[in-house]
Amino acid sequence: MIRGRQSVAECLIEELLATYNNLTEHDINDQVGHVRALIAWARISEPSEAVVRWHNAFHWNKIYDPSEEDVFTCGVIFLFISLAYFKLGNTDESWASFNRAAETMSRKQPQFLIPGVGTYLYDFARRELWSLAGWLLPGKTP
């Protein structure tokens with residue numbers, strides 16, 4: 001994030017989240033937009049806030065798709081939770097989240113419903129965990 005723009009981004013995302021929270025019914029576009037906004041909010045956070053915000057994104061993703069077990073997007077969220085925990089020095093929680101991501105992704109193919117999640121966000125989190133912790137998802141290269 002460009003220095004000095006973090007607070008602007010934070011305010012805009014919070015405004016967008018307030019709009020989604022005030023909707024009485026969420027159609028598929030609202031649901032995808034809401035989860036995208038939650039992901040953006042988590043991504044710009046410091047690790048301590050990011051853990052809570054990533055869990056919130058996971059929570060809403062499950063609410064919007066209750067009949068589905070963890071989907072690929074959930075796996076990506078778990079990679080980011082793992083990364084945040086690792087940056088906080090909590091390697092046990094980080095490793096548990098990494099394993100949950102690996103297990104989820106072993107069963108699910110990448111999804112492209114939310115642009116960027118199955119590509120650059122996934123690749124970023126995967127590479128960061130490899131770089132910082134030396135952890136590699138099964139069948140993947142650094």
Side-chain angles (χ1 to χ4, degrees), residues 1-23 26-142:
M1 176 76 46
I2 298 173
R3 293 181 191 256
R5 305 298 267 169
Q6 174 99 17
S7 62
V8 173
E10 188 93 18
C11 289
L12 291 172
I13 293 169
E14 287 173 357
E15 184 179 326
L16 186 57
L17 288 171
T19 300
Y20 285 119
N21 290 335
N22 289 328
L23 295 176
H26 295 86
D27 66 17
I28 186 67
N29 296 311
D30 297 329
Q31 293 171 6
V32 170
H34 188 203
V35 172
R36 283 181 73 185
L38 290 166
I39 288 171
W41 199 40
R43 284 193 67 222
I44 66 169
S45 304
E46 294 298 321
S48 59
E49 289 180 322
V51 169
V52 173
R53 290 178 181 184
W54 282 113
H55 278 288
N56 195 31
F58 171 75
H59 170 77
W60 279 100
N61 199 62
K62 293 293 281 185
I63 286 174
Y64 291 141
D65 200 356
S67 63
E68 181 81 33
E69 58 189 67
D70 291 351
V71 295
F72 186 82
T73 300
C74 296
V76 174
I77 289 171
F78 289 127
L79 286 178
F80 276 98
I81 291 170
S82 176
L83 185 58
Y85 275 129
F86 191 84
K87 289 179 178 179
L88 289 170
N90 189 337
T91 53
D92 290 341
E93 287 293 332
S94 180
W95 181 245
S97 295
F98 180 81
N99 282 320
R100 186 158 180 195
E103 193 273 323
T104 299
M105 291 177 173
S106 72
R107 294 180 284 110
K108 297 296 181 177
Q109 294 297 313
Q111 295 172 313
F112 303 100
L113 181 62
I114 301 177
V117 169
T119 54
Y120 72 89
L121 289 180
Y122 164 69
D123 286 337
F124 173 81
R126 185 177 61 81
R127 288 184 179 132
E128 280 290 293
L129 284 163
W130 167 251
S131 173
L132 296 174
W135 301 338
L136 191 59
L137 291 170
K140 300 296 179 190
T141 59

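Just so you know, these numbers come straight off a predicted model, no measurement behind them.
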Note, D27 side chain near D30 side chain (heavy atom, < 4.5 Å): yes

A42 and A50 have their tightest heavy-atom pair at O-CB, 3.8 Å

Do Q31 and N61 pass the side-chain contact (heavy atoms from CB on, under 4.5 Å) test, and can you show the C-alpha distance, the side-chain angles, and the key distance before you say yes or no? CA-CA 8 Å; Q31 293 171 6; N61 199 62; over 6 Å; no

Compare all side-chain heavy atoms of W54 with those of R43 and state whether any distance is below 4.5 angstrom. yes

Enumerate the residue pairs fulfilling salt bridge (charged side-chain N to carboxylate O under 4.0 Å, His left out) with a member in residues 72-93, sequence neighbours excluded, ordered by first and then second residue. none

Holding to side-chain hydrogen bond (donor to acceptor under 3.5 Å, both in side chains), I want the full list of residues that pass it with S45, two or more places apart in sequence or in another chain. R53

Ring pair (Phe, Tyr, Trp, His ring centres under 6.0 Å) partner of F78, chosen from Y85, F58, F98: F58

Calculate, to the nearest 0.5 Å, the distance between atoms OG and CD belonging to S7 and E14 respectively. 10.5 Å

Kindly compute the distance separating CG (N90) from OG (S48), expressed to the nearest 0.5 Å. 12.5 Å

Kindly say whether E103 contributes a backbone atom to a donor-acceptor pair with the side chain of S106 at under 3.5 angstrom? yes

Please name the pair of heavy atoms, one in A101 and one in G75, separated by the smallest distance, quoted to 0.1 Å. CB-O, 3.3 Å

Here the pair of heavy atoms bringing Y20 nearest to G33 is OH-CA, 3.2 Å

Just wondering, are more than 12 heavy atoms of other shown residues or ligands nearer than 6.0 Å to CD in E46? no

Using 0.5 Å steps for rounding, measure from the CH2 atom of W60 to the CD1 atom of I39. 14.5 Å

How long is the gap from CG on L79 to CG on L137, to the nearest 0.5 Å? 5.5 Å

Would you find a donor on one side and an acceptor on the other, under 3.5 Å apart, between the side chain of N22 and the backbone of A18? yes

Please collect all salt bridge (charged side-chain N to carboxylate O under 4.0 Å, His left out) contacts where either partner lies in residues 126-135, sequence neighbours excluded, each pair once. D123-R126

So, do F80 and I77 sit near enough that their side-chain heavy atoms are less than 4.5 Å apart? no

Do L23 and H34 come within less than 4.5 Å of each other through their side chains, counting heavy atoms only? no

T104 side chain vs R100 backbone, donor-acceptor pair below 3.5 Å: yes

Could you state the interatomic distance from CG (L17) to CD (E10), rounded to the nearest 0.5 Å? 9.5 Å

To the nearest 0.5 angstrom, please state how far the CD1 atom of I13 sits from the CH2 atom of W41. 9.0 Å

